[in-house]
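Heads up: the structure comes next, in structure tokens.
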Amino acid sequence: MKEAIIEQAGKKEYEKLITVWESSVRATHHFLSESDIITYRSLILTEYFDQVKLYSIGVEGNIMGFIGITGESIQMLFIHPETRGKGLGRKLIDFAKKEHGATLVDVNEQNHQAVGFYEKLGFVTIERSEYDAAGKPFPILSMELKS
């Protein structure tokens, strides 16, 4: 794979980011209904993107993933399914740790691939919630990086 470049993302990238989000969610979040995906898509575009520092990761000028950070927390991390397993997620996590001191992440418990990814990088579960931030019954694991 060509060199991946991390850049700060803003409103002009939202449509490209939400396209990556949707393709990633459809590949990994099998527990969500179509109506859930539509609801979350709207919330992300109208609220959640504006609440985080967004960074995209691009390969040959194409955005293939992104991360959203607030303080020491990774709020969102999504990689396009075509490039999963190629190190882009790890590169974004390393960036978040180095540049923002991010050591916390919340992840859907039902997204086993994501939970495994974070565990492989050294994150451990420190708390579990029955509901997600939108109040829906999708359990969330709060994880912390243990160095």
Side-chain angles (χ1 to χ4, degrees), residues 1 4-60 62-97 100 102-146:
M1 177 179 282
I5 307 294
I6 297 174
E7 298 179 304
Q8 190 153 12
K11 286 191 184 299
K12 67 183 190 317
E13 286 82 32
Y14 280 12
E15 283 302 321
K16 290 178 184 172
L17 298 179
I18 203 68
T19 299
V20 169
W21 173 86
E22 189 168 342
S23 63
S24 177
V25 164
R26 289 185 184 282
T28 59
H29 291 58
H30 305 291
F31 53 92
L32 294 178
S33 69
E34 187 64 25
S35 124
D36 289 328
I37 292 172
I38 291 165
T39 298
Y40 287 116
R41 186 182 197 282
S42 175
L43 282 169
I44 289 168
L45 274 173
T46 61
E47 294 179 36
Y48 297 166
F49 276 165
D50 292 333
Q51 296 172 4
V52 298
K53 290 181 182 173
L54 278 170
Y55 298 90
S56 65
I57 190 161
V59 178
E60 296 181 4
N62 297 312
I63 293 176
M64 300 312 289
F66 67 91
I67 193 168
I69 305 163
T70 55
E72 296 177 350
S73 293
I74 297 163
Q75 299 292 336
M76 53 183 79
L77 172 66
F78 293 93
I79 303 296
H80 194 284
E82 290 175 10
T83 54
R84 284 187 40 229
K86 306 233 191 278
L88 299 182
R90 178 184 293 270
K91 188 167 183 170
L92 284 169
I93 295 289
D94 289 345
F95 170 82
K97 286 189 312 193
H100 295 275
T103 57
L104 302 169
V105 66
D106 286 348
V107 62
N108 285 101
E109 182 179 60
Q110 294 156 291
N111 184 351
H112 304 293
Q113 293 169 338
V115 172
F117 167 77
Y118 289 114
E119 287 175 343
K120 185 175 164 186
L121 294 180
F123 286 83
V124 296
T125 301
I126 55 172
E127 192 175 339
R128 182 182 184 274
S129 172
E130 285 292 322
Y131 300 94
D132 69 8
K136 295 200 175 258
F138 301 119
I140 297 294
L141 299 178
S142 294
M143 302 181 83
E144 184 175 12
L145 184 62
K146 300 291 186 188

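- Side-chain contact between Phe138 and Gln110: present, with at least one pair of heavy atoms (C-beta onward) separated by less than 4.5 Å.
- Between Val59 and Ala4, the shortest heavy-atom distance links the atoms CG2-CB, 4.1 Å.
- Of the inter-residue distances, the one linking Leu88 atom CG with Ile67 atom CD1 reads 12.0 Å to the nearest 0.5 angstrom.
- Other residues, nucleotides and ligands contribute only 12 or fewer heavy atoms inside 6.0 Å of the NZ atom of Lys53.
- In this structure, Leu92 and Tyr55 approach most closely via the heavy-atom pair CD2-O, 4.4 Å.
- Residue pairs satisfying the salt bridge (charged side-chain N to carboxylate O under 4.0 Å, His left out) criterion with at least one member in residues 62-72, sequence neighbours excluded, are absent.
- Judged by distance alone, with hydrogens and angles left aside, the side-chain atoms of Asp132 form a donor-acceptor pair with the main-chain N or O of Ala134 at under 3.5 Å.
- Taking Gln75 as the reference, Thr70 meet the side-chain hydrogen bond (donor to acceptor under 3.5 Å, both in side chains) condition, with sequence neighbours excluded.
- A salt bridge is defined here as a Lys NZ or Arg NE, NH1 or NH2 lying under 4.0 Å from an Asp or Glu carboxylate O, and Lys146 with Glu119 fails to meet this definition.
- Remark: aromatic rings of His29 and Tyr40 are distant, center separation not under 6.0 Å.
- Atom CG of Leu32 sits about 10.0 Å away from atom OG1 of Thr39, to the nearest 0.5 Å.
- A salt bridge links Lys97 with Asp94: at least one charged nitrogen is closer than 4.0 Å to a carboxylate oxygen.
- Applying the side-chain hydrogen bond (donor to acceptor under 3.5 Å, both in side chains) criterion to Tyr48, with sequence neighbours excluded, gives no partner residue.
- Applying the side-chain contact (heavy atoms from CB on, under 4.5 Å) rule to Val107 yields the partners Ala114, Val115, Tyr118, Leu141, Met143; only residues at least two apart in sequence or on another chain are considered.
- The side-chain hydrogen bond (donor to acceptor under 3.5 Å, both in side chains) test applied to His80 returns no partner, not counting sequence neighbours.
- His112 has its ring centre no less than 6.0 Å from the ring centre of Phe31.
- At least one side-chain heavy atom of Ile37 sits less than 4.5 Å from a side-chain heavy atom of Trp21.
- From Ile63, atom CD1 reaches atom OG1 of Thr83 across 12.0 Å, with rounding to the nearest 0.5 Å.
- The side-chain contact (heavy atoms from CB on, under 4.5 Å) test applied to Ala27 returns Pro81, Arg84, not counting sequence neighbours.
- The side-chain hydrogen bond (donor to acceptor under 3.5 Å, both in side chains) search around Ser142 returns Asp106, not counting sequence neighbours.
- Pairs passing the side chain to side chain donor-acceptor pair (under 3.5 Å) check and including a residue from residues 121-131, sequence neighbours excluded, read Glu109-Arg128, Arg128-Glu130.
- Side-chain contact between Phe66 and Ile57 is absent, with no heavy atoms from C-beta onward closer than 4.5 Å.
- Taking Ser33 as the reference, Ser35, Asp36 meet the side-chain contact (heavy atoms from CB on, under 4.5 Å) condition, with sequence neighbours excluded.
- Sorted by first then second residue, the salt bridge (charged side-chain N to carboxylate O under 4.0 Å, His left out) pairs that include residues 5-16, not counting sequence neighbours, are Lys11-Asp50.
- A distance of 11.0 Å separates CD in Gln51 from CD1 in Ile44, rounded to the nearest 0.5 Å.
- Shown here for Ser56 and Leu17, the closest heavy-atom pair between the two residues is CB-CD2, 4.1 Å.
- Taking every heavy atom of both residues into account, Ile69 and Ala96 meet most closely at CD1-CB, 3.7 Å.
- Annotation: salt bridge (Lys or Arg N to Asp or Glu O under 4.0 Å) contacts of Arg41 (sequence neighbours excluded): Glu22.
- Under the rule for a side-chain contact (heavy atoms from CB on, under 4.5 Å), the partners of Phe117 that lie at least two apart in sequence or sit in another chain are Leu77, Ile93, Leu121.
- Rounding to the nearest 0.5 Å gives a distance of 8.0 Å between CD1 of Ile74 and OG1 of Thr103.
- Put simply, the side chain of Thr28 reaches to within 4.5 Å of the side chain of Asn111, judged on heavy atoms.
- Panel note: side chain Ser23, backbone Val20; a donor-acceptor pair is recorded below 3.5 Å.
- Separation of atoms CE (Met76) and CZ (Phe78) is listed at 7.0 Å; rounding is to 0.5 Å.
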